[in-house]
Every structure is written in structure tokens, then in C-alpha cells.
Amino acid sequence: MKKIIDMITDEVTAVFTENGYDAKYGKVTLSNRPDLCEYQCNGAMAAAKEYKCAPFMISDKIAEGLKGNKMFESAESVKPGFINLKLSPEFLAGYVSDMKEDSGRFGCEKAKNPKTIIVDYGGPNVAKPLHVGHLRSAIIGESVKRIGKFMGHNMIGDVHLGDWGLQMGLIIVELKERKPELVYFDENYTGEYPKEAPFTISELEDIYPTASGKSKEDKNFKAAALQATHELQQGRRGYQALLQHILNVSVTDLKRNYSNLNVSFELWKGESDAQPYVPDMVQKMKDEGYAYMSEGALVVDVKEDTDAKEIPPCIILKSDGASLYSTTDLATIVMRVKEYHPDAIIYLADARQSMHFTQVFRCARKTGLVGEDVELKHIGFGTMNGKDGKPFKTRDGGVMRLEYLLDEINEQMLKKITENQKEKESLDISEEEAKQTAKTVALAAVKYGDLSNQASKDYIFDMERFTSFEGNTGPYILYTIVRIKSILKKYESAGNTLPKGGIEAAHSVGEKNLMLALSGFNAMMEGAFDEKAPHKICAYIYELANAFNGFYHGTKILSEENAQIQQSYIGLLMLTKEVLETCIDILGFSAPDRM
Ligand code: ARG
């Protein structure tokens with residue numbers, strides 16, 4: 001369906017051209033004075049300069065020309081030269097009815113040329129538990145992926161595990177100290193290795209930090225870990241087998257954690273998968289004269305004349321020939337281009353990594369790893385801070401494990417929901433349902449709290465505020481959906497069937513406002529995709545929920561005596577619920593049946 005704002009612009013533009021003015025002045029925007037009008041056109045102000053006359057002479061003519069147009073209830077010329085527009089309730093109801101008819105899409109068309117887009121998000125490190133630092137990548141990345149899917153693109157989410165480098169050697173050496181008898185350490189062993197991992201996830205989570213601590217104090221330990229890393233990378237059999245065990249145990253645990261966040265990945269590749277591509281890539285960069293030795297390291301210059309600040313060369317190999325974070329990201333680009341031919345690769349990573357991505361992207365382009373037609377984009381997100389404005393920490397100042405944080409919110413939510421139930425004695429929710437509901441609402445609280453901010457900004461993780469049922473919060477949105485569900489259920493249990501027909505022209509201002517809010521869905525979703533901006537969906541559903549609640553408080557729905565009007569109300573509720581549910585699904589959470 002055409003966007004409503006474009007339909008309006010077309011009508012206004014036609015009158016501009018009929019009167020001999022350039023079409024570009026007919027552009028219409030949402031009103032910034034909703035008390036006066038719904039849409040506005042400021043084109044006469046700009047046109048006055050070109051046509052050398054007073055703006056209101058133009059706006060008067062346009063308003064006059066729009067008289068009798070069925071799209072508008074009113075088109076007013078207001079001094080000095082604004083054109084204030086109100087839609088006719090019939091036209092608006094027709095648009096909203098078409099949205100309802102367009103099941104599941106609500107007037108939002110899929111992309112005509114679907115693209116293949118890889119979203120690189122998650123970025124957890126093997127053998128280390130997820131911590132709050134990984135939360136934003138997972139939440140925003142999942143939503144960006146779902147927005148693209150809704151728009152009809154082929155979206156591929158890749159977790160891009162941190163499974164390469166010293167951390168693996170550290171684990172191997174620490175494990176050797178604890179269990180030297182294990183066959184993996186016997187260099188003369190040629191048989192098959194056991195299928196069962198020689199550690200559990202909790203052991204693994206203890207092994208890594210212990211080893212990491214030791215390596216900081218004990219030079220010999222660190223040297224042994226470096227040696228083990230080297231041997232692993234050279235393909236030592238026993239270590240390769242251990243790596244597989246570490247990966248399996250770790251990935252199983254990561255999958256469980258991500259699924260609690262309603263986050264899932266199409267690909268479970270890691271940094272290690274890109275390593276086979278490194279030698280050829282480096283050779284090519286050398287052969288083609290891009291890479292040169294500088295201070296012992298192999299580098300590629302990536303600075304450009306227009307740079308306002310210094311962009312240092314991209315380091316391809318360290319002086320000892322080892323690969324770095326940038327090497328791995330470059331080789332991963334080679335792998336992705338070869339295997340998936342993506343039109344775009346989007347990276348979700350902390351904004352503080354922006355220099356790294358600038359260097360990697362420039363290097364990839366300059367050396368021809370990707371063509372000009374492949375978009376490379378880093379969505380850098382800000383820090384999640386505690387109430388003190390400093391990066392979020394546990395009470396004793398440590399890094400907060402994601403699992404513990406979620407447990408804490410679930411618990412708070414359960415308390416809240418149980419109290420709510422006590423107040424409303426009529427509802428008897430079982431303990432099981434209450435727990436499930438608490439989880440659902442808690443996830444909405446966390447995700448909405450994050451996604452409603454522009455990704456690049458820091459935000460304060462305020463559990464009190466995020467879990468509130470009022471205000472711009474996830475639970476408020478869910479509460480609105482639950483309210484609609486309950487009205488629809490009551491309507492049905494009174495022996496009615498849900499109407500299939502269209503929606504009548506609004507009977508009140510509140511109802512019209514709800515329709516106006518609904519009608520922006522397709523434009524909003526396109527904008528959210530173009531800018532990869534989930535916060536636009538949040539802003540839309542907050543406004544929609546407010547408009548719905550305004551309508552609800554001013555209207556008797558279930559006690560409406562005119563059956564035809566009531567059916568139209570119910571139809572409007574159905575559409576509102578479906579649009580809200582679609583939006584929260586794209587944000588990555590869901591609503592319970594009651595709360
Ligand atoms: N593992 C990295 C970290 O924990 C994040 C990876 C981001 N993705 C990328 N392709 N570099 O900081």
C-alpha cells in the first residue's frame with residue numbers, strides 16, 4: 001500500500017502544479033502542532049522566495065484548490081503561509097480498513113529486490129560466561145535482523161564466537177595442570193579421543209578465569225599458554241580435540257542463554273573458521289603492493305585526504321607473524337563474500353570499537369576483498385550504565401553475569417505480578433503461569449528499556465523504571481495488548497464472532513487519533529529498516545498504545561448498543577492488537593494472555 005503521507009503529498013502537489021508552482025513545494029509532513037492539524041505543508045513559505053510574493057498568497061490558493069477534495073476534512077491557509085490539513089474521517093477509515101484487509105503486512109510492502117544481509121552480533125567469547133556487555137549486541141542485533149526479515153530480505157545472523165587466540169591456550173594449560181593424565185596431552189597418542197568432554201560447563205567457567213589470573217602473575221604460565229596456543233594453531237591433534245570439546249560445551253550453554261533472551265543465530269561460526277583464509281589474503285595484499293612492513297608489523301595504510309583525525313594503518317600481522325582482531329575480521333569478510341555473496345554486512349559492537357571497524361572496512365575495500373556494491377556498516381552502541389552513571393556492575397563492583405541479571409529481574413517481576421493479582425483477587429493465576437508471565441514481562445522490560453534508546457547513546461539501566469507498568473516501558477505496551485485481548489475475549493464470550501469487515505469513519509476524536517497512529521505503520525517500518533533503528537518501532541508503539549488507551553478511556557466498547565458501531569470498534573481493536581504484536585515480535589519479545 002502506498003504510504004498515507006505520500007498519498008497526501010500527491011494531492012497537495014497536484015494543486016501546487018495546477019497553479020503553476022514547482023512540484024517540490026507540495027511536500028507534506030506530520031504536524032508539529034497536533035492541536036491545530038494532523039498534517040501540514042510549509043511549501044508556500046519556500047515557494048514565496050522563488051515566485052517573489054507573500055507566502056500566504058500561495059497558501060491561500062492551495063487551500064482554495066484543496067476545497068472539496070475528499071481526502072480532507074479541512075485545508076486551511078494560516079498566516080504567514082502555512083497549510084494546515086485534517087484528513088476526512090472517511091478517507092482515514094478507508095485506509096485503516098485496507099490495512100486490516102492486508103493481513104500480517106498492514107500495508108507495508110516487502111522489498112522488491114530482496115538483499116542478502118549478514119548481521120554479525122552476539123560476539124560472545126568461548127569459555128567465558130555472557131555478561132551484560134553482550135546484552136546490547138544481542139538485543140539490538142536480533143531486532144535489526146527481524147526488521148530486515150519483515151521487509152523481505154534474506155537476513156543471516158552470525159554469532160561470530162570469540163574462539164581464537166590466547167584464551168584457548170590458557171584453558172589448555174590450566175586443564176593440563178588439573179588433569180595431566182588426560183590422553184589429550186600425550187603426544188604419542190594416535191587413537192581416537194573420547195566423545196565425552198573432560199569438563200563440565202561450570203568447570204570450564206572456573207578454568208578460564210583461574211588461568212587468566214595466573215597468566216598475569218606467572219611468566220612461565222603465560223609462556224606455556226602462548227606455546228599451547230601456537231601448537232593448537234599449528235594443528236596439534238590432542239589440542240584440536242580439546243578445542244572441539246571446549247566449543248561444544250560452551251556453545252550448548254550459550255544457546256541456552258541466548259534462547260532465554262529470545263535470540264537465535266542462523267550461523268554459529270567463530271573467529272577460528274576464518275583462519276584458513278588468512279594466508280592467501282595476506283599473500284594477495286603483499287603481492288598487490290598494499291601491505292608493507294612498518295616497525296616490524298605488516299600493515300596497510302587506510303588514511304584518506306579528507307580525514308579530520310588521524311586514522312592509523314590497519315595492522316595485518318604482528319611482528320611475530322600472529323594474526324590479530326583485525327586480521328580475523330578481514331579474513332571473515334573474505335569467507336562471507338565467498339560463501340554468501342552478501343549485499344551488506346552489519347556489525348553490532350560497542351561504539352568504542354569504531355576505529356577498529358573504520359580501519360577494517362577501509363582496508364577491505366582498498367585491497368579489493370569486497371566490491372563497492374557491498375555495504376559494510378558498524379552499528380556502534382553506547383554503554384549500559386548503572387544508576388550512578390558508570391558502566392553497569394554488580395553490587396561488589398564485578399562484571400555482572402547476564403544470567404544473574406535476568407534472574408534478578410524475573411524475580412522482581414514475579415513479585416510485582418503476584419501483588420497485582422492479590423489486588424485484583426478475581427484472577428486466580430497458578431504459580432506456574434505467574435512464573436511464565438513474569439519471565440515474558442521481564443524480557444519485555446529489559447529489551448524495550450534498551451531498544452527505546454537510540455543505539456549509539458549510553459543509557460541507564462533502571463530496573464525500577466523499566467519494570468513499571470506505566471510510562472514509556474515494555475510492560476506498559478504489554479499491558480495495552482493484554483487489555484485488548486481481554487476485551488476481545490469478553491466480546492466473543494458474549495456469543496459474538498470477531499468481525500471480518502471494514503472500519504467505519506471515526507465517531508470521536510479519540511478514535512480518529514487511534515486511526516492516525518495506526519496509519520503510519522508502513523512509513524515507520526521502512527524508516528526503521530533504512531536507518532537500522534529499532535527505537536523508531538518503540539516510539540511508534542508507544543504512541544499507538546497511548547492513542548489506544550485514550551480511545552479506550554473515552555469509549556464504551558462492550559456496552560455499545562449499536563451493533564454495527566460496536567463491530568467497527570472491535571475491528572479497530574483487532575487491528576491495533578495485531579500491529580502491536582507484530583511490532584513487539586520484531587523487537588524480539590512477546591505478550592502474555594493476562595498479567
Ligand atoms: N568478541 C568481541 C568482543 O567481545 C566482539 C566481536 C564483534 N564482532 C566482530 N566481527 N568484530 O568484544
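Numbering starts at 1 and runs along the sequence shown. In listed order, ligands and their atoms are each counted from 1.
By the 30° and 60° cut-offs, the orientation of the rings of W268 relative to F265 is perpendicular. Using cut-offs of 30° and 60° on the angle between ring planes, the pair Y184 and H245 is perpendicular.
Heavy atoms only, all atoms of each residue included: I316 and T327 are closest at O-OG1, 2.6 Å.
Between Y347 and ligand 1, no N or O atom pair is found at a separation short of 3.5 Å.
With no hydrogens or angles considered, a side-chain donor-acceptor pair links Y292 and D301 at under 3.5 Å.
Contacts of F357 with ligand 1, taken as heavy-atom pairs under 4.0 Å, involve the side chain alone.
Under the side chain to side chain contact (heavy atoms under 4.5 Å, CB included) test applied with D329, the options E271, Q359, H356 reduce to a single match, H356.
Atom 3 (C) of ligand 1 has G123 O, 3.9 Å as its closest protein atom, hydrogens excluded (heavy atom only). When only non-hydrogen protein atoms are considered, atom 6 (C) of ligand 1 lies nearest to Y325 OH, 3.4 Å.
When N125, I345, D329 are ranked by how near their heavy atoms come to atom 4 (O) of ligand 1, first place goes to N125. For atom 8 (N) of ligand 1, the candidate residues are D158, D120, T332; the nearest heavy-atom contact is made by D120.
Proximity to Q353 (heavy-atom distance under 4.0 Å) selects the following atoms of ligand 1: 12 (O). Set against the non-hydrogen atoms of H160, the atoms of ligand 1 under 4.0 Å away are 8 (N), 9 (C), 10 (N).
A cation-pi contact, defined as under 6.0 Å to the ring centre and within 45° of the axis, is absent between R178 and F199.
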